[in-house]
Amino acid sequence: MTMDPIVVAAGTALVSAMATDVWQQARDQLVGLWRRVRPEQAEVIGGELAQARDDVLAARRAGDPDTERALAGAWQLRLHRLLAEDPALAGELRRVLDEALTPALTADERTAIGSVVMNATATGQARIYQSGRDQHITER
């Protein structure tokens, strides 16, 4: 299973934004996404988001980044499933990410949710070197 980079970024940003002042707005927008695809689950999702926020706040107080990473993974999977049911929501999820989640993050958190997508095709004797950051190549 390959996750859309928007899902990975949104799940990570969602968990980071849970500890910010804009959390309620972000929560409302996410519940709205669920309401469009699975209206019967929207209120349950709202409650689960509130519980996840409590978990994030407790993890931050305890200095426990593993819990935050686990929560991000869980919400990435949920968002992945939601978009699998309605791929047209990808644009709406991007809007929520850009307008509600990302602005609430610190510069370091914004860097962490960035994604790089690279594609390459080699033929014959060609070599391809791709890197999302530093790359050092030594050939002899």
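All values reported here derive from a predicted model rather than from experimental measurement.
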Heavy-atom closest pair, residues [X] and [Y]:
{"X": "Ala10", "Y": "Leu79", "value": "CB-CD1, 3.9 Å"}
{"X": "Ala100", "Y": "Pro103", "value": "C-CD, 3.9 Å"}
{"X": "Glu85", "Y": "Val37", "value": "OE1-CG1, 3.5 Å"}
{"X": "Gly11", "Y": "Gln76", "value": "CA-CG, 3.7 Å"}
{"X": "Ala59", "Y": "Glu68", "value": "CB-CG, 4.3 Å"}
{"X": "Leu71", "Y": "Val15", "value": "C-CG2, 3.7 Å"}

As a test of understanding, state which of Leu49, Asp54, Asp55, Leu101 forms a side chain to side chain contact (heavy atoms under 4.5 Å, CB included) with Met18.
Leu49
From Arg36 atom CZ to Asp86 atom CG, the distance as rounded to the nearest 0.5 Å:
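That separation rounds to 6.5 Å.
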Gap between atom CZ of Arg95 and atom CD1 of Ile6 - 0.5 Å precision
11.5 Å
Trp23/Asp28 under side-chain contact (heavy atoms from CB on, under 4.5 Å): CA gap, chis, key distance, verdict:
CA-CA 9 Å; Trp23 168 241; Asp28 292 347; over 6 Å; no
Under a 4.5 Å side-chain heavy-atom rule over Ile, Leu, Val, Met, Phe, Trp and Tyr, are Leu82 and Leu77 clustered together?
yes
Other residues, nucleotides and ligands only: do more than 12 of their heavy atoms fall within 6.0 Å of CG on Asp21?
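Check fails, neighbour count at 12 or below.
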Under the criterion side-chain contact (heavy atoms from CB on, under 4.5 Å), I'd like the reasoning laid out for Leu30 against Ile45: C-alpha separation, chi angles, the key distance, then a yes or no.
CA-CA 9 Å; Leu30 283 159; Ile45 290 296; 6.0 Å; no
Let's go through Gln29 and Glu92 carefully: what are the C-alpha distance in whole Å and the side-chain angles of both, what is the deciding distance for side-chain contact (heavy atoms from CB on, under 4.5 Å) to 0.1 Å, and is it a yes or a no?
CA-CA 9 Å; Gln29 291 188 32; Glu92 186 68 14; 5.7 Å; no
Is there a side-chain contact between Glu48 and Arg78, using heavy atoms and a 4.5 Å cut-off?
yes
Could you check if a side-chain atom of Leu33 sits within less than 4.5 angstrom of a side-chain atom of Leu93, using non-hydrogen atoms only?
yes
